[in-house]
Amino acid sequence: MTPRQLRLNLFVYPGGHHEAAWRYRGSAPERMLDAHYYQKIARRAESEKFDAVFLADGPALADNVRYASRFRLEPFTSLASLAAVTERIGLIATASTTYFEPYNLARLFASLDHLSGGRAGWNIVTTGAPQAAGNFGLDAHPVHAERYDRAREFVEVVTKLWDSWEDEALVADPVSGLFADTDRVHPVEHHGRHFRVRGPLNIPRSPQGRPVYVQAGSSEDGRAFAARHAEAIFTAHQTLASGQEFYADVKRRSAAVGRDPGRLLVLPGISPFIGATEAEARALHDEFNELTQPEYSLQMLHRILGLRLTTAQLDGPVPRELIETGGERGNGSRFQVILDIIDREQPTVRQLLHRLAGARGHRVVVGTPEQVADQIQEWFENGAADGFNIMPPWLTGGFDVFAEQVVPLLRARGLFREEYEGRTLREHYGLPRPEAVRPVPTTAGHGAG
């Protein structure tokens, strides 16, 4: 049997994942809106045989863009430009079930899957940014439970749309003159609590059958949703023990709903600062942290924890007693990650801001190439990860050093592929191509939960 292999995605963020990346001497902030810049990055990741590139997204401008590169290029347009210059690497886009409609989103992903030859993946999010509501005519952002209720029905509808064409429906036979077998193209007729969709989709079934279902979020609702729907999970953990608990929990939940846990990949984020020596790596990390803007970091802390702090409090303890752990904010997975850091490490406010500056709650690893590879291997071999989202602190240099110095070590240890064995994202991830399930008409109160 082929030994279990790491799955590695490159998580591309404008400029890099450290909040001060755009200020670093090795960055190129003038290229953050340049298609050739992102194409070069994607081609490099493909040359290293990465499983996918991943673009995050959100339907609102971050409140703190004054100090950091937190704008968003629209991911479908961006990934289409990457598809044109690559052949194998997967293309994963974030799209919100709260602020899209199922039919439009199903068309976008089906088109991307066709045009890329079967490389699309959908990172399913419910959107945590309340300011998005005002961009879509809403008076208020839907609460956590309501967003997940909508998400469950959303995924049900999109799946029906992707299955509304059977694989054999497209005939294109010039001899008989039959273009499509309409007996194999089915209406959806979904009438649910949130959506009414007639169908069918106006695009034939895509190369993967369905793009890969990815989910990001580790709250209770997020875990339950992922166990039932996701094929890969993007998650954030600071410790091996936390990663192991999450890994075991979502695998157990997936088995409990009748799924094969081996077809649910857990992919934590990791942001590596790499140096020839550990001291050199720490000096690099410190250099980045010295470039942070406290005003930016304090705004982020307020958004996630609800704490309003000032620069005068930077060297004092985090006022743990002022953090309210219940309610809507407490449902967020990133909220719990940060709360755990505070309880475990008891940092000053400045130390906490530096801990979060690197990757917004994802794990930051500082060390030599061997130390970074050791930590990846430890999580992979000890029930905490099936692979990782690599989150370079800055681009392109932060990825270049990982590719040149860490990837060869992972290959030498037999943990990562030398060559692609397939062409689709499902093949890279070791996932089967799903059979089309003929849509069954749905009325409110009936359907997948």
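Ser271 has its side chain out of reach of Arg363: every pair of non-hydrogen atoms, C-beta onward, lies at least 4.5 Å apart. Here the side chains of Ser69 and Pro29 are not in contact, with every heavy-atom distance at 4.5 Å or above. Residues Ile390 and Phe50 meet the side-chain proximity criterion, which asks for heavy atoms closer than 4.5 Å. No side-chain heavy atom of Phe54 sits under 4.5 Å from any side-chain heavy atom of Leu91. Side-chain contact between Tyr103 and Arg198 is absent, with no heavy atoms from C-beta onward closer than 4.5 Å. Contact of the Leu55 side chain with the Tyr38 side chain is not registered, since no non-hydrogen atoms from C-beta on lie closer than 4.5 Å. Between Ile233 and Val214 the shortest side-chain heavy-atom distance does not fall below 4.5 Å. Phe225 is listed as a side-chain neighbour of Ile124, based on a closest heavy-atom distance under 4.5 Å.
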### Message
Does Lys160 form a salt bridge (charged side-chain N to carboxylate O under 4.0 Å, His left out) with Glu156? I'd like the steps, not just the answer.
### Response
CA-CA 6 Å; Lys160 289 178 177 180; Glu156 177 187 355; 3.3 Å; yes
### Query
For His141 and Tyr99, what are the C-alpha separation, side-chain angles and deciding distance, and is it a side chain to side chain donor-acceptor pair (under 3.5 Å)?
CA-CA 10 Å; His141 188 51; Tyr99 294 109; 2.8 Å; yes
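Salt-bridge check for Glu46 with Lys40: failed, with every basic side-chain N at 4.0 Å or more from each acidic carboxylate O. Ion pair Arg426/Glu231 flagged as a salt bridge, since at least one NZ, NE, NH1 or NH2 atom sits closer than 4.0 Å to an Asp/Glu carboxylate oxygen. Here Arg417 does not pair with Glu421 in a salt bridge; the nearest charged N to carboxylate O distance is not below 4.0 Å. Using a 4.0 Å cut-off between a side-chain N of Lys or Arg and a carboxylate O of Asp or Glu, Glu245 and Arg223 qualify as a salt bridge.
Classification of the His285-His18 ring pair by plane angle, with boundaries at 30° and 60°, yields perpendicular. Taking the six-membered ring for Trp and thresholds of 30 and 60 degrees, Phe76 and Phe100 have ring planes more than 60 degrees apart, a perpendicular arrangement.
Looking at residues two or more places apart in sequence or on another chain, you find no ring-ring contact (aromatic ring centres under 6.0 Å, His included) involving Tyr247. Scanning for side chain to side chain contact (heavy atoms under 4.5 Å, CB included) contacts around Thr348 gives Arg350, Gln351, with sequence neighbours left out. Qualifying ring-ring contact (aromatic ring centres under 6.0 Å, His included) partners for Phe195, counting only residues two or more places apart in sequence or in other chains: Phe154. Under the rule for a salt bridge (charged side-chain N to carboxylate O under 4.0 Å, His left out), Glu381 has no partner lying at least two apart in sequence or in another chain. Applying the salt bridge (charged side-chain N to carboxylate O under 4.0 Å, His left out) criterion to Glu345, with sequence neighbours excluded, gives Arg355. Judged as a salt bridge (charged side-chain N to carboxylate O under 4.0 Å, His left out), and not counting sequence neighbours, Arg72 has no contacts. Applying the ring-ring contact (aromatic ring centres under 6.0 Å, His included) criterion to Trp162, with sequence neighbours excluded, gives Tyr213. Checked against ring-ring contact (aromatic ring centres under 6.0 Å, His included), His428 has the following partners two or more places apart in sequence or in another chain: Tyr420. Remark: Arg43 pairs with no residue by the salt bridge (charged side-chain N to carboxylate O under 4.0 Å, His left out) rule, at least two apart or across chains.
When all heavy atoms of Ala169 and Val185 are compared, the pair lying nearest together is CB-CG2, 3.8 Å. Residues Ala21 and Ser27 approach most closely at O-OG, 2.5 Å, considering heavy atoms. Minimum interatomic distance between Ile203 and Ser111 (heavy atoms only, all atoms of both residues): CD1-OG, 3.3 Å. Closest approach of Ser164 to Val188, counting heavy atoms only: CB-CG2, 4.3 Å. Minimum interatomic distance between Asp221 and Ala145 (heavy atoms only, all atoms of both residues): OD2-CA, 4.2 Å.
The line from NE2 of His354 to CD of Glu19 is 8.0 Å long, rounded to the nearest 0.5 Å. To the nearest 0.5 angstrom, Leu10 atom CG is 7.0 Å from Ile89 atom CD1. A distance of 9.5 Å separates CG in Leu410 from CZ in Phe388, rounded to the nearest 0.5 Å. A distance of 11.0 Å separates OH in Tyr296 from CG in Leu353, rounded to the nearest 0.5 Å. Here CH2 of Trp165 is found 12.5 Å from CZ of Arg184. Values are rounded to the nearest 0.5 Å. A distance of 10.0 Å separates CD of Glu427 from CG of Leu425, quoted to the nearest 0.5 Å.
The environment of Glu74 atom CD is dense: over 12 non-hydrogen atoms of other residues, nucleotides or ligands sit within 6.0 angstrom. Heavy-atom contacts from other residues, nucleotides or ligands closer than 6.0 Å to CD of Glu168 number more than 12. More than 12 heavy atoms of other residues, nucleotides or ligands sit less than 6.0 Å from atom CZ of Arg344. Annotation: Glu30, atom CD; neighbour count of heavy atoms from other residues, nucleotides and ligands within 6.0 Å is above 12. At most 12 non-hydrogen atoms from other residues, nucleotides or ligands lie less than 6.0 angstrom from CZ of Arg308.
Of the N and O atoms on the side chains of Arg66 and Gln293, not one donor lies less than 3.5 Å from an acceptor on the other residue. His114 and Ser116 share no side-chain donor-acceptor pair at under 3.5 Å. Using a 3.5 Å distance cut-off with no hydrogens or angles, the side chains of Asn9 and Asn389 do pair a donor with an acceptor. Of the N and O atoms on the side chains of Glu166 and His186, at least one donor lies less than 3.5 Å from an acceptor on the other residue. Looking only at atom types and distance, the side chain of Asn123 has a donor-acceptor partner in the side chain of Thr94 under 3.5 Å away. Judged by distance alone, the side chains of Glu153 and His190 do bring a donor and an acceptor atom under 3.5 Å apart. Side-chain polar atoms of His191 and Arg196 form a donor-acceptor pair below 3.5 angstrom.
A cation-pi arrangement is present between Arg4 and Phe380 under the rule of less than 6.0 angstrom and at most 45 degrees off the ring axis.
Aromatic rings from Trp394 and Phe399 are positioned such that their centres are separated by 6.0 Å or more.
Listed by first then second residue, pairs satisfying salt bridge (charged side-chain N to carboxylate O under 4.0 Å, His left out) with a partner in residues 111-135 number zero, not counting sequence neighbours. Sorted by first and then second residue, the salt bridge (charged side-chain N to carboxylate O under 4.0 Å, His left out) pairs with a member in residues 203-214 read Asp163-Arg205, Asp163-Arg210, Asp167-Arg205; sequence neighbours excluded. Under the salt bridge (charged side-chain N to carboxylate O under 4.0 Å, His left out) criterion, the residue pairs touching residues 121-146 are Glu146-Arg193, with sequence neighbours excluded.
When Val212, Leu108, Leu105 are each tested for a side chain to side chain contact (heavy atoms under 4.5 Å, CB included) with Trp122, only one passes: Leu105.
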